[in-house]
2 protein chains.
Amino acid sequence: MTTAPPSPRVLPHPARDEIRLESVLHALSDPVRMRIVSELAEAEAALSCSRFDLPVTKSTTTHHFRVLRESGVIQQVYEGTAKMNGLRREDLDALFPGLLDALLTAARGQAARDGA
Amino acid sequence: MTTAPPSPRVLPHPARDEIRLESVLHALSDPVRMRIVSELAEAEAALSCSRFDLPVTKSTTTHHFRVLRESGVIQQVYEGTAKMNGLRREDLDALFPGLLDALLTAARGQAARDGA
DNA sequence: CCCGTACTACGATGTCTATCGTACGAGCCG
DNA sequence: CGGCTCGTACGATAGACATCGTAGTACGGG
């Protein structure tokens, strides 16, 4: 065949210059998503969705990962049955210098205050 | 009388340690509110609500200022008929070091990219 | 070839939110 | 006092969103 079957195995990402600050802030204004990003930053590597122990169902987890991807915060690639998630640190640092680190630090501080 | 009349002339603000990162990010994920905060930061002083030329009605403006106040981003004080708005820079810097500056820089960059 | 695992798609739902218009309260000024 | 300006309150509305359950698709292993 000349036309390949429309495999949804590749996921749409915004290009670097399409990433909007409002969208990033909106994405990170949800505690579940901020937690995902924090864990991803600590791991410093791509993680599969199932590596996260989140207090929501799998449907909702899928939703949150999609919001993060569509806002340009993370990158998602299929790898067999798993979907690997990686932080788009280079793009974010280029667009918004210092923002990601400030956010991660802020999230750690907030978590410490909450836990104590 | 012993009980003063319930004057709504004083506005409730969250204490410093009640400010939540999620709320701040949510507040700033709206372009109108981010614009307010940017102008406030440039002014480096308290401004009355009417000093802003926003693309929404007065009702909506009141709403946005309230969201910013309740999230702890700004401080509001009545001064005659005017309501003065000031950035809570010290509180934010203490809670989330570097975050406010990174956000303001990011907003400037985004605006520059949009304008060009 | 069949099954299990990983993730998605779709539909439903209740809540939140941005927006508006209109009507009102509070302080200043002539 | 009378009016003006600044800002609020309230109600309405349309859209977004977080959450879930169920049913389905893709891939790898026995």
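Quick note on labels: first sequence line is chain A, next is B, and so on, each numbered from 1.
- In summary, of the residues considered (A:Thr61, A:Leu68, A:Thr60), a side chain to side chain contact (heavy atoms under 4.5 Å, CB included) with A:His64 occurs for A:Thr60 alone.
- The CD-P distance, from B:Glu79 to C:dA26, rounds to 19 Å in whole Å.
- Across residues 40-65 of chain A, A:Ser48, A:Cys49, A:Ser50, A:Lys58, A:Ser59, A:Thr62 each have a non-hydrogen atom less than 4.0 Å from an atom of DNA chain C (numbered order).
- With hydrogens and angles disregarded, no donor-acceptor distance shorter than 3.5 Å links the side chain of B:His26 to the backbone of A:His26.
- Residue pairs that meet the side chain to side chain donor-acceptor pair (under 3.5 Å) test with at least one member in residues 91-101 of chain A, sequence neighbours left out, are A:Arg16-A:Asp91, A:Arg88-A:Asp91, A:Arg89-A:Asp101.
- Using modelled atom types, no side-chain atom of B:Glu70 and backbone atom of B:Val67 make a donor-acceptor pair closer than 3.5 Å.
- A distance-only check finds no donor-acceptor pair linking the side chain of A:Arg69 to the backbone of A:Gln75 [under 3.5 Å].
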Show me the donor-acceptor pairs within less than 3.5 Å that the side chains of residues 107-116 of chain B make with the rest of the protein, sequence neighbours left out.
| residue | atom | partner | partner atom | Å |
| --- | --- | --- | --- | --- |
| B:Gln110 | OE1 | A:Leu21 | N | 2.6 |
| B:Arg113 | NH2 | A:Leu95 | O | 2.9 |
| B:Asp114 | OD1 | A:Arg20 | NH1 | 2.9 |
| B:Asp114 | OD2 | A:Arg20 | NH1 | 3.3 |
| B:Asp114 | OD2 | A:Arg20 | NH2 | 3.1 |

With a 3.5 Å cut-off and sequence neighbours excluded, list the donor-acceptor pairs that the side chains of residues 39-51 of chain A form with protein atoms.
| residue | atom | partner | partner atom | Å |
| --- | --- | --- | --- | --- |
| A:Ser48 | OG | A:Ser50 | OG | 3.1 |

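- Residues of residues 23-36 of chain A that place a heavy atom closer than 4.0 Å to DNA chain D, in numerical order, are A:His26, A:Asp30, A:Arg33.
- Look at CE on A:Met84: it is 16 Å from P on D:dC27, rounded to the nearest Å.
- Following rounding to the nearest Å, B:Leu11 (CG) and C:dA26 (P) show an atom-to-atom distance of 14 Å.
- Between A:Glu70 atom CD and D:dA16 atom P there is a gap of 13 Å when expressed in whole angstrom units.
- Scored by the side chain to side chain contact (heavy atoms under 4.5 Å, CB included) test, A:Thr62 finds no partners at all (sequence neighbours excluded).
- Atom CZ of A:Arg66 and atom C1' of C:dC7 are 12 Å apart (whole Å).
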